[in-house]
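All chains are named by letter (A, B, ...) in the order of the sequence lines, taking the proteins before the strands, and each is independently numbered beginning at 1. These numbers were taken from a predicted model, which means no experiment stands behind them.
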Amino acid sequence: MKSSQALIPTQKEAPNDAQIISHQLMIRAGLISKLASGLYSYLPMGLKILQKIEKIIREEMNNSNAQEVLMPITQPAKLWKESGRWDEYGAELLRFNDRHNREFCLGPTHEEVITNLASQYINSYKQLPMNFYQIQTKFRDEVRPRFGVMRSREFIMKDAYSFHLDKDSMRVEFEKMHATYCRIFERLGLNYRPVLADSGSIGGESSIEFHVLAESGEDDICFSDESDYAVNIEKVAFSKQVKTNDASASEEKVLTKNITSIEDVAQFLKVEQKQCVKILIIKTTNGYKALALRGDHALNEIKTQNLFGNFEFASDKEIKSLDLKKGFIGVKDLSINLIVDYSAEVMVDFICGANHWDHHLTGVNWDGIKFEAVDLRNAIEGDASPDGKGKLVIKRGIEVGHIFQLGDKYSKAMNANVIGESGKAMMMIMGCYGIGVTRVVAAIIEQNYDNRGIIFPVNVAPFSVVIVPINYNKSTRVKGLADVLYQQCLDSDIEVLLDDRKERAGIMFADSDLLGIPHRIVLSDTHADNGNVEYKARNNPEKLEIKFDNALAFIQSKLI
RNA sequence: CGGAGUGUAGCGCAGUUUGGUAGCGUACCUGGUUUGGGACCAGGUGGUCGAAGGUUCGAAUCCCUCCACUCCGACCA
């Protein structure tokens, strides 16, 4: 392709609503254009990249015997009511009515449709197992879209669904997809990790997320520094602990006027935050509960939800109505259920609110207090790894893939069964496997950039090579050489961009660097005097002079 | 959902306090000089100042309503 005929709207400055590097660079390199919050158009270069990623995913999925299908984005409510998710899914599911006032939604995922499809066409155990996938647009009405295509409302996903006669078969496919995903992310040049995760609203028993390690990630991933333990912070489970110290202090009420936060209390009393206990009040469907955590720990909302169902933090008003003093709530004499985290349970001589304005208690112990102990908190850096080996290290990750063992959640609800060997109907067992294709684009950029722009791996770059002829429009010699090399590349099926614009060298260099094209050939009169061209790789500052006659072979050698 | 902030040319911004002809940089167009890392000179195109309403002789500016977008928080008791 020639630059003069391509729409590559590069910009010097990023719009100021672009916060993270991948968003800024995708806008500046002219890959995407924002239409509205969480909605982006893919411009020609952006689409090229997307298609490269899709190609790799297709090849690997096909190699793993998955069959590609394409399902509608518009889905009838009927199916969602059958699965029970019409009521479960919440506001992220965009619902609407058609002209006949029938209810529909835009598909945030496709379990319902594929299960319906499978129950229609898979009738015998002899057809199993089967795995279907599609690469298609999803819509999720996110509370807060952000970071460009990283968390957008409309996005492209590769989703796959497998059907099995039994759990063993499902587990085999799960492992196969695990390996397939590893091959995909490796080919995409990503530094990634598979981690154990919570299965969320999709449901099912076991799930593994694939995270690309990057500072801008929205998830915290916990690793052991001594074993291969790797788990999403949501899912790090702690077990009951044994007390290591005995109580020794006696209880004392101290004046802490207007000192309410754990941070301030600890500072005021000159103790560490982990010597304090903090109380959170939540509202559940079974009434209010007080949750006690060690001062330096944070509540894990997923664990809380798993224990108590949907919940909200109590508002100031509600706290007041319970006769509690916000900022000074303690563990003693509570009128509501007290739930204590395992690591708070083993604390001795601790500090907490006095349930009395402007006072805290020191030297408090659990003796005589009625409570229930559970695992409630998030892991923090330095915690002992739950597998007993080493300590936890926490890193940020971008979730680019997630694989689930669904079991019979959908097949049961939607009555998807086959006739088994014995002649009796058997419920199908399912697995499902997703990759956020558009998010992968952003993740690749988050891991591959410098101060000049993107550094695409060859596998996903919009072009493999850019030819930068200096004075293309003045020097007939340079133009002649550039045109010859360009044609040679085209004839050899090399994806090449010829910058034939009437621009100065600096602009052409800046644009090709910004766009991240891996290989660059510069043609100029000075080089031509020696029969040479200049070669430079995007990821290497070194410039090489090579003979023009060898240029094509040289490029080809770089692309293997 | 709460809290904060921002809407002025494709992008980045000033002007709003104190009402009085719509500005700057960049990008874009024309001509010229330049030509290996985002050149220079001259001229030019482009904006119903987010939308509607109100106050006023006069509104980007003051008042009201709405809309959009961004950030922060969903960590605190």
Rounding to the closest angstrom, what is the interatomic distance between [N] and [M] at atom [atom1]?
| N | M | atom1 | result |
| --- | --- | --- | --- |
| B:G47 | B:U21 | C1' | 15 Å |
| B:U65 | B:G3 | P | 15 Å |
| B:A68 | B:C40 | P | 42 Å |
| B:C1 | B:U48 | P | 32 Å |
| B:U18 | B:A27 | C1' | 35 Å |
| B:A60 | B:C13 | C1' | 15 Å |
| B:U34 | B:A42 | C1' | 15 Å |
| B:C24 | B:C67 | C1' | 29 Å |

Could you verify whether a donor N or O on one side chain and an acceptor N or O on the other, from A:Asn232 and A:Glu209, lie under 3.5 Å apart? yes
Do A:Asp349 and A:Asn365 have side-chain atoms, one donor and one acceptor, less than 3.5 Å apart?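 Present: a donor and an acceptor within the cut-off.
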Quick one, give me the B/S/- string for nucleotides 28-36 of chain B, reading 5' to 3', where B means a protein heavy atom under 4.0 Å from the base and S means that only happens at the primed atoms, P, OP1 or OP2. ------BBB
Taking protein heavy atoms under 4.0 Å as touching, what does nucleotides 67-75 of chain B look like 5' to 3' if B marks base contact, S marks sugar-phosphate-only contact and - marks none? --SSBB-BB
Could you tell me which nucleotide pairs with [N] by Watson-Crick or G-U wobble geometry, both distances under 3.5 Å, or answer none if nothing does?
| N | result |
| --- | --- |
| B:A68 | B:U6 |
| B:G73 | B:C1 |
| B:G37 | none |
| B:U55 | none |
| B:U61 | none |
| B:U30 | B:A42 |
| B:G25 | B:C11 |

Can you measure [X] atom [atom1] to [N] atom [atom2] for me and round it to whole angstrom units?
| X | N | atom1 | atom2 | answer |
| --- | --- | --- | --- | --- |
| A:Lys502 | B:A39 | NZ | C1' | 16 Å |
| A:Arg501 | B:A39 | CZ | P | 12 Å |
| A:Glu13 | B:A9 | CD | P | 14 Å |
| A:Gln24 | B:G12 | CD | P | 11 Å |
| A:Ile27 | B:G12 | CD1 | C1' | 14 Å |
| A:Leu514 | B:C11 | CG | C1' | 14 Å |
| A:Asp450 | B:G37 | CG | C1' | 13 Å |
| A:His23 | B:C11 | NE2 | P | 13 Å |

Closer than 4.0 angstrom, basic N to acidic O: yes or no for [X] and [Y]?
| X | Y | answer |
| --- | --- | --- |
| A:Asp358 | A:Lys253 | no |
| A:Asp500 | A:Lys2 | no |
| A:Asp296 | A:Arg294 | yes |
| A:Glu542 | A:Lys536 | no |

Work out which heavy atom in A:Tyr229 is nearest to a heavy atom in A:Ala237; give both atom names and the distance. OH-N, 4.5 Å
What closest approach, in Å, do A:Lys274 and A:Met347 show between heavy atoms, and which atom pair accounts for it?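 Distance-wise, the nearest heavy atoms are O-CE, 3.2 Å.
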Would you mind classifying the nucleic acid contact of A:Ala14 as base, sugar-phosphate or nothing, using non-hydrogen atoms under 4.0 angstrom? sugar-phosphate
Under 4.0 Å, counting only non-hydrogen atoms across every strand here, what does A:Ile262 touch: a base, just sugar-phosphate, or nothing? sugar-phosphate
Knowing that exactly one of A:Ile521, A:Leu498, A:Val496, A:Val465 qualifies, which makes a side-chain contact (heavy atoms from CB on, under 4.5 Å) with A:Leu485? A:Ile521
Does the A:Asp383 side chain pair with the main chain of A:Leu392, one donor and one acceptor, at a distance under 3.5 Å?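 Pair absent, no side-chain N/O of A:Asp383 close to backbone of A:Leu392.
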Please test A:Glu372 against A:Leu338 for side-chain contact (heavy atoms from CB on, under 4.5 Å), starting from the C-alpha separation and ending with a verdict. CA-CA 7 Å; A:Glu372 185 188 345; A:Leu338 177 62; over 6 Å; no
Closest-nucleotide mapping onto RNA chain B: is A:Ile329 or A:Asp511 further toward the 5' terminus? I mean the 5' end.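 By nearest-heavy-atom nucleotide position, the 5'-most residue is A:Asp511.
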Could A:Arg520 and A:Tyr535 be counted as a cation-pi pair, given that NZ or CZ must be under 6.0 Å from the ring centre and within 45° of the axis? no
Looking only at B:G25, B:A77, B:G37, the nucleotide nearest the A:Arg452 side chain is B:G37
Give the nucleotide from the list B:G12, B:A77, B:G37 with an atom nearest to the side chain of A:Pro15. B:G12
